[in-house]
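Report on one structure; see the data block that follows.
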Amino acid sequence: MFMLQYSNIVEFVAISILFFLYIHYWRRNRGKIVPSWPIIGMVLTILRYVPDFHNFTTLVLKRHGGTFQFEGPWFTNTSFTGTSDPKNIDHVTNKNFGNYGKGSNFKEILDVLGGSILNLDFHEWKLERTVNQLIFKRKNFQNFFHRSVQKKVENYLLPFLNDVSEAGAQVDLQDVLNRFTFDITCTIAYGFDPNCLPNKFSKLREIASLKSLPVMEEVIFYRHFIPIYLRKLQKWLNVGQEKKFKVAQENIDRFLYECMSTYSSRCGEEFDVCYFDLVKELTKEGYGRGEMSETYVRDTGFSLLIAGNGTISSGLSWFFWLVSIHPVVQAKIIDEINENCHTQYENCIASREEDLDKLVYLHAALCEALRLYPPIPFEHICSVKSDILPSGDHVSENTKLMYSMYAMGRMEQIWGEDCMEFKPERWISNKGYIIHVPSFKFLTFNTGPRSCLGKDLSFVQMKMVAATILWKFQIKVVEGHPVMPRISIILRMKHGLKVEVTKRCI
């Protein structure tokens, strides 16, 4: 009898404590956009808004003045500081650069990058970047890159779109651009063109390695928020996201090793005269590292694909969509091409860099598309020691810090009240030159010591493609086609970009 009464008392006390805890947390979270609960932290809200993650992140950062502390589930090491404050970003990427690296969590999330430059920190990263910088500055490398893009545009991209136009077909322009940049990247990296983009619409074929990259990018996104023990369990059981990742990685690795095999068999003197192979040059120039292993060549090739394929095709896809729904902007670009380039070239408009430099309005329109839809929507770094950000927020030792480029492009305090408008004019001065915006405000190509080495080459490629397509063709998005971001570490379009292509009459 006594034991029964004691049990009832304990049960009553436990229920009372839980009730008062609930009331306490309910009051504390009342009115908050991201409530925090015992044990589970804020993860429920994140899961709820995953389909619209980037816009939700923007809203949260706006509500909290540009910096927000995310609390993950207890004992999972998934908490982080999120920011879109340019002063904070300048601090962690430049002024206090030595205190922030990739961190062990980054390397676990992006283990597929292996020992490539995208996964390195501090001394190893500095050595690798020095080698990359030397090669990217070489005139013969820049010339080869330029010729490769021009050749691909003239011999494949234009004939393909012309065939689509004559067939009166609809095509996924994002897929077309993705195939184009995949071929270009492989040509630069290995001197090998896999011809993912044919010159005829009827010759389109499914390519496993090409489809694998978006799958891997999506899984890597989810890895940022899933506790490591759950990821390891999925991997061990070969289920869920990790099963998808394994299949995709096997496809891409099979392709990369085939490229390496082709590359090895053509590394003779004759091959050297015809091609500039980036992976081979990186191997040759590696200071004090001896002969490069097969793993290094694979890791380097994969990092080049990540950097040169999805990012460029994403930027161009959003650009063509924005231009198609802003006919005034499109007309201004056409007029600029007409004034500066078209009389000199029959096929590839503005194929010389000096001509590309004249296309100021096109450059501004590309910058504006990249501002609103940055190919890499967020970055993730980790503190070495504790730090105080310029915003006054405290960052503990070994704490993740994520900064959102997507949110930054939508901040009134950075871009003004018209920040949501597609307005290339904001990039052009009264004298007709491109306005310099500090890289810690316009983060598409990163900032500080880790700023993108391929920025100039990326603009060359995007301008050549954009100018040529817009001059030759009218691109119209299929009526009713949904356009929204895919949840991924690369800002691809979830449903692609279904368009109709017609020849332009100037």
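Only heavy atoms go into these numbers, but all of them, side chains included; no hydrogens, no water, no symmetry mates. This structure is a prediction, so every number in the text was calculated from the model and none was measured.
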Let's go through K400 and I381 carefully: what are the C-alpha distance in whole Å and the side-chain angles of both, what is the deciding distance for side-chain contact (heavy atoms from CB on, under 4.5 Å) to 0.1 Å, and is it a yes or a no?
CA-CA 6 Å; K400 287 187 292 184; I381 57 178; over 6 Å; no
How about NZ on K107, more than 12 heavy atoms from neighbouring residues, nucleotides or ligands closer than 6.0 Å, or not?
yes
L305 vs C186, side-chain contact (heavy atoms from CB on, under 4.5 Å): CA-CA, chis, key distance, verdict
CA-CA 7 Å; L305 275 180; C186 290; 4.0 Å; yes
Measure the acute angle between the ring planes of F378 and H224, then classify it against the limits of 30° and 60° as parallel, tilted or perpendicular.
perpendicular
Would you indicate whether the side-chain heavy atoms of L401 and H380 approach each other to under 4.5 Å?
no
Determine whether a donor-acceptor pair (N or O, by modelled atom type, separation under 3.5 Å) exists between the side chain of N88 and the backbone of T83.
no
With side chains defined as the heavy atoms from C-beta onward, is the minimum distance between F245 and Q241 less than 4.5 Å?
no
Has T447 got a side-chain atom pairing as donor or acceptor with L443's backbone, closer than 3.5 angstrom?
no
Do V92 and N96 come within less than 4.5 Å of each other through their side chains, counting heavy atoms only?
no
Mark yes or no for whether S116, through its side chain, and S303, through its backbone, hold a donor-acceptor pair below 3.5 Å.
no
Minimum-distance pair of heavy atoms, taken over all atoms of S439 and G448:
OG-N, 4.5 Å
Is it true that the side chains of Y100 and D387 contain a donor and an acceptor less than 3.5 Å apart?
yes
Just checking, any donor-acceptor pair under 3.5 angstrom between side chains of Q69 and T81?
yes
Pairwise side-chain contact, V176 with L157, heavy-atom cut-off 4.5 Å (strictly under):
yes
Tell me if a side-chain donor or acceptor on S383 pairs with a main-chain N or O of T399 at a distance below 3.5 Å.
yes
V395 backbone acceptor or donor facing S386 side chain under 3.5 Å
no
Does a donor on one side chain sit under 3.5 Å from an acceptor on the other, for T185 and N309?
no
Check K494, R492, R486 against E218 for a salt bridge (charged side-chain N to carboxylate O under 4.0 Å, His left out) and give me the one that passes.
R486
Are T187 and F192 packed together at the side-chain level, in the sense that at least one heavy-atom pair is separated by less than 4.5 angstrom?
no
Flag the pair I414 / C419 as yes when at least one side-chain heavy-atom distance between them is below 4.5 Å, and no otherwise.
no
Check ion pair K211-D175 (N to O, under 4.0 angstrom):
no
Can we say K246 and D253 salt-bridge, meaning some charged N sits less than 4.0 Å from an Asp/Glu carboxylate O?
no
Aromatic rings W318 and W321: how do their planes relate, parallel, tilted or perpendicular, breaks at 30° and 60°?
perpendicular
Any idea how F56 and Y49 line up, ring-wise: parallel (<30°), tilted (30 to 60°), or perpendicular (>60°)?
parallel
Might you confirm whether atom NZ of K62 has over 12 heavy atoms from other residues, nucleotides or ligands at distances under 6.0 Å?
yes
Does any N or O in the side chain of Q142 come within less than 3.5 Å of the main-chain N or O of F136, such that one atom is a donor and the other an acceptor?
yes
Report yes or no: does E336 contribute a side-chain atom to a donor-acceptor pair with the main-chain N or O of L362 at less than 3.5 Å?
yes
Any side-chain to backbone donor/acceptor pair from N99 onto K385? Under 3.5 Å, distance only.
yes
Do D85 and T67 meet the criterion of a side-chain donor-acceptor pair at a distance under 3.5 Å?
no
Would you confirm whether R231, through its side chain, and I226, through its main-chain N or O, come within 3.5 Å as a donor-acceptor pair?
yes
Could you tell me whether the side chain of N251 and the main chain of S209 form a donor-acceptor pair under 3.5 Å?
no
Above 12 or not: heavy atoms from other molecules or residues under 6.0 Å from CD of E417?
no
4.5 Å side-chain heavy-atom contact, Y433 and I428
no
Begin from the C-alpha positions of F255 and S212 and carry the test side-chain contact (heavy atoms from CB on, under 4.5 Å) through to its verdict.
CA-CA 11 Å; F255 170 77; S212 294; over 6 Å; no
Does the side chain of R138 come under 3.5 Å of the side chain of N143 through a donor N or O and an acceptor N or O?
no
Beyond-backbone contact of V384 with E397, side-chain heavy atoms, under 4.5 angstrom:
no
Mind checking the NE2-CD1 spacing from H363 to I434? Nearest 0.5 Å is all I need.
5.0 Å
Looking only at side-chain N and O atoms, does Y361 offer a donor or acceptor that is under 3.5 Å from a partner on E425?
yes
Would you list the pairs meeting ring pair (Phe, Tyr, Trp, His ring centres under 6.0 Å) in which at least one residue belongs to residues 401-428, sequence neighbours left out?
H54-Y406, H326-F422, W415-W427, W427-F442
Row check, Y373 ring normal vs R410 NZ/CZ: under 6.0 Å, within 45°
yes
Please assess R426 against D418 for the test side-chain contact (heavy atoms from CB on, under 4.5 Å), listing each intermediate value before the final yes or no.
CA-CA 10 Å; R426 77 174 77 245; D418 61 353; 3.2 Å; yes
NZ/K498: more than 12 non-hydrogen atoms of other groups inside 6.0 Å:
no
Under 3.5 Å, is there a donor-acceptor pair linking the side chains of N55 and D52?
yes
F53 ring center within less than 6.0 Å of F221 ring center:
yes
